[in-house]
Amino acid sequence: MDVDSDPAASSKPTQMDLEDQTDTKGKGKAEEGNGKGEELADSIGSLSIGPGRTNFKKKPVIIIVIGMAGTGKTTLMHRLVCDTQASNKRGYVVNLDPAVMTLPFGANIDIRDTVRYKDVMKEYSLGPNGGILTSLNLFATKFDEVVSVIERRAEQLDYVLVDTPGQIEIFTWSASGAIITEAFASTFPTVVAYVVDTPRSTNPVTFMSNMLYACSILYKTRLPLVLTFNKVDVAKHEFAIEESLWTAFHIPRQRLITGRTLI
Ligand SMILES: Nc1nc2c(ncn2[C@@H]2O[C@H](COP(=O)(O)OP(=O)(O)OP(=O)(O)O)[C@@H](O)[C@H]2O)c(=O)[nH]1
Ligand SMILES: [Mg+2]
């Protein structure tokens with residue numbers, strides 16, 4: 001019988017045949033893969049990702065100082081300005097209080113340079129609160145210019161400190177307050193520093209009403225909020241950092257900064 005003509009022998013692949021087949025298949029796949037890999041590398045190369053091509057820009061952190069009348073916002077601002085200078089940080093100061101008589105620090109942007117609060121009161125026959133509100137509304141219409149001034153200097157700045165009027169509701173519940181806060185928050189990392197007058201908050205009722213106000217600002221602005229217990233040289237703040245106090249009222253405790261702002 002002719003061995004070569006054995007159908008079984010011719011159809012059964014030898015070990016070598018199998019290896020050859022695997023090699024050829026593997027090679028085929030590898031070549032195919034290489035082709036795809038090159039294609040992928042080309043398309044990645046065409047994307048504008050690379051060390052020299054990133055367009056991430058350094059942005060300053062905006063700190064908006066908000067608090068009830070007389071809680072010490074301007075004094076805290078002064079301390080923050082001194083602190084940034086002392087620690088070689090580059091700060092930029094914005095005053096949004098049109099009714100303040102004197103500032104203990106130099107403001108880079110001052111609402112009083114644009115809107116004269118007393119003239120606004122006269123022109124629109126308004127009382128003091130209406131005057132502040134209208135001044136802020138007028139200033140808010142030009143706030144994109146303030147943001148672009150800060151944007152132009154963004155690379156050279158670490159912090160932008162913003163003082164707000166004592167009439168807290170004028171800033172937190174008015175359209176202008178929302179426009180200003182959102183304009184900042186949509187362009188820069190923004191934080192609210194809510195100033196608490198510690199001596200005036202030792203009474204539980206006052207304390208809770210103050211904290212609820214802080215919560216309303218937190219939920220309205222949807223920005224990180226730092227509770228800043230001020231005037232602790234007059235009354236200690238320890239009662240306020242009791243964990244049980246916060247959990248009992250289901251109030252989100254963000255971060256507490258405590259310190260004396262008046263030296
Ligand atoms: N003892 C003490 N007094 C302070 C402190 N901070 C501010 N004050 C005093 O509180 C008063 C009000 O301070 P401001 O900084 O003007 O308060 P404000 O919140 O800016 O006031 P408005 O802008 O009018 O709402 C001033 O007499 C300050 O000297 C503090 O840390 N300790
Ligand atoms: Mg002030």
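Start at 1 with the first residue, then count along the sequence. Just so you know, ligand 1 is whichever comes first in the structure, and atom 1 is the first atom listed for that ligand.
Applying the 4.0 Å criterion to heavy atoms of D233 picks out, from ligand 1, the atoms 1 (N), 2 (C), 30 (C), 31 (O), 32 (N). Interface atoms of ligand 1 facing T74, defined by a heavy-atom separation under 4.0 Å, are 15 (O), 18 (P), 20 (O). Residue D97 has at least one heavy-atom neighbour below 4.0 Å for each of these atoms of ligand 1: 23 (O). Within ligand 1, the atoms closer than 4.0 Å to a non-hydrogen atom of N230 are 6 (N), 31 (O), numbered from 1 in the order shown.
Residue contacts with ligand 1 include G70, since one or more of its heavy atoms lies under 4.0 Å from the ligand.
The Mg ion (ligand 2) has an N, O or S atom of T74 closer than 2.8 Å.
The pair D163-K73 does not count as a salt bridge, with every side-chain nitrogen at least 4.0 angstrom from each carboxylate oxygen.
Connection of I111 to V149 is established within a shared hydrophobic cluster, with ILVMFWY side chains joined at heavy-atom distances below 4.5 Å, either directly or through further cluster members.
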Report the C-alpha separation of K231 and D233 in whole Å, then their side-chain angles, then the decisive distance to 0.1 Å, and conclude whether the side chain to side chain contact (heavy atoms under 4.5 Å, CB included) test is met.
CA-CA 5 Å; K231 306 189 186 179; D233 53 317; 4.2 Å; yes

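Side-chain atoms of K58 come within 3.5 Å of backbone atoms of L157 as a donor-acceptor pair (strictly under, hydrogens ignored).
Counting only N and O atoms by type, the side chains of T71 and N230 include no donor and acceptor under 3.5 Å apart. Using a 3.5 Å distance cut-off with no hydrogens or angles, the side chains of N210 and Y194 do pair a donor with an acceptor.
The proximity of V234 to ligand 1, defined as any non-hydrogen pair under 4.0 Å, is limited to the side chain.
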